Amino acid sequence: MNILAPSILAADIANLGEEIKTTVKAGAKYLHIDVMDGVFVPRMSFGQCVVESIRKCTDIVFDVHLMIIDPIKCIEDFAKCGADIITVHLEACEDVRATLKKIQECGLKAGLSIKPATPVEDVIPYLDLLDMILIMSVEPGLGGQKYMEAATDRIRQTRKIIKERGLNIDVEVDGGVCKDNLRMILDAGANVIVSGSSIFKGDIEKNTLEFVKILKEAE
Ligand code: DX5
Ligand code: ZN
């Protein structure tokens, strides 16, 4: 199944609850929540309080993308606050296996993300612990950037690695996804699509409906 995961980094935070409800009603299946620590990436964003607070306004799956150093310390807390999927960065973990195991022990789905310069093969040792692989198609840390063309081939490679082993792992793509490159990204093998500015800037309902239509057509 192809899934849309709007990234609330691009939402109007003063009106967050309403904007979430609009995109959920129009067909978003996950809500992508970018957590930034100002160390792994230059900026800071949301923390546990925001997750806990928006959990009260929707039942949608919370797809929490941790762009933080040493994420193992925060996993239990994010689980308690309402996360359903936690994705950590391979580059940010001291012990990747222990971190992924911790996510699973909390009863959540585990994702592993790689930055544009990290070889796709680096995820292979962890496939047995993964529900999702997140291919970054921009440098993490900022919304509204341009999609890096090299990501398409990286998505293809990732899907091939999964298929060859007969595994059932989602491939998520994050950064610069818009209506114009969406079909190409899906055809390359991604099935969980993050989009921030192309959903929340402008008419949220219309943008979501258009994305969902393309996702369904590609199934
Ligand atoms: C970037 C974040 C993304 C970001 C995507 O580091 O991980 O989730 O919000 O935003 P757009 O779709 O605007 O590139
Ligand atoms: Zn993200």
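For the numbers below, each heavy atom of this structure counts, side chains included, while hydrogens, waters and symmetry mates do not. This is a predicted model, so every value here is computed, not measured. Order of appearance sets the numbers: ligands from 1, and atoms from 1 within every ligand.
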When you group the ILVMFWY residues by side-chain heavy-atom contacts below 4.5 Å and let the links chain together, are [Y] and [X] in the same group?
X	Y	value
V96	L66	yes
V88	V194	no
L134	I103	no
L100	V192	no
I75	F62	yes

Could you list the atoms of ligand 1 found under 4.0 angstrom from a heavy atom of [X]?
X	result
V194	8 (O)
G144	11 (P), 13 (O), 14 (O)
H32	8 (O)
D34	2 (C), 3 (C), 4 (C), 7 (O), 8 (O), 9 (O)
G143	10 (O), 13 (O)
S197	11 (P), 12 (O), 13 (O)
L9	9 (O)
S195	12 (O)

Residue-ligand contact G175/ligand 1, heavy atom below 4.0 Å: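 Flag set, G175 near ligand 1.
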Close approach of S198 to ligand 1, heavy atoms, under 4.0 angstrom: no
Looking only at protein heavy atoms, identify the closest one to [atom] and say how far it is in Å.
atom	answer
atom 1 (C) of ligand 1	L142 O, 3.6 Å
atom 12 (O) of ligand 1	G196 N, 2.8 Å
atom 14 (O) of ligand 1	G176 N, 2.8 Å
atom 9 (O) of ligand 1	S7 OG, 2.8 Å
atom 5 (C) of ligand 1	D174 OD1, 3.5 Å
atom 6 (O) of ligand 1	G141 N, 2.6 Å

Pair H65, D63: side-chain N/O donor-acceptor within cut-off below 3.5 Å: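 There is no such pair between these side chains.
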Residue list, ring pair (Phe, Tyr, Trp, His ring centres under 6.0 Å) with Y126, at least two apart or on another chain: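 Checked Y126 against ring pair (Phe, Tyr, Trp, His ring centres under 6.0 Å); zero matches.
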Salt-bridge criterion met for [X] and [Y] (N-O under 4.0 Å):
X	Y	answer
D153	R156	yes
K201	D12	no
K102	E76	yes
E210	K179	yes

Heavy-atom side-chain proximity of D131 to I85 below 4.5 angstrom: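 D131 does not reach I85 side chain to side chain.
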M67 N/O under 3.5 Å from ligand 1 N/O: no
Contacts of type salt bridge (Lys or Arg N to Asp or Glu O under 4.0 Å), residue R55, not counting sequence neighbours: D84
Salt bridge (Lys or Arg N to Asp or Glu O under 4.0 Å) partners for D95, two or more places apart: none
For the Zn ion (ligand 2): protein N/O/S atoms at distances below 2.8 Å: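 Those protein atoms number 4 in total.
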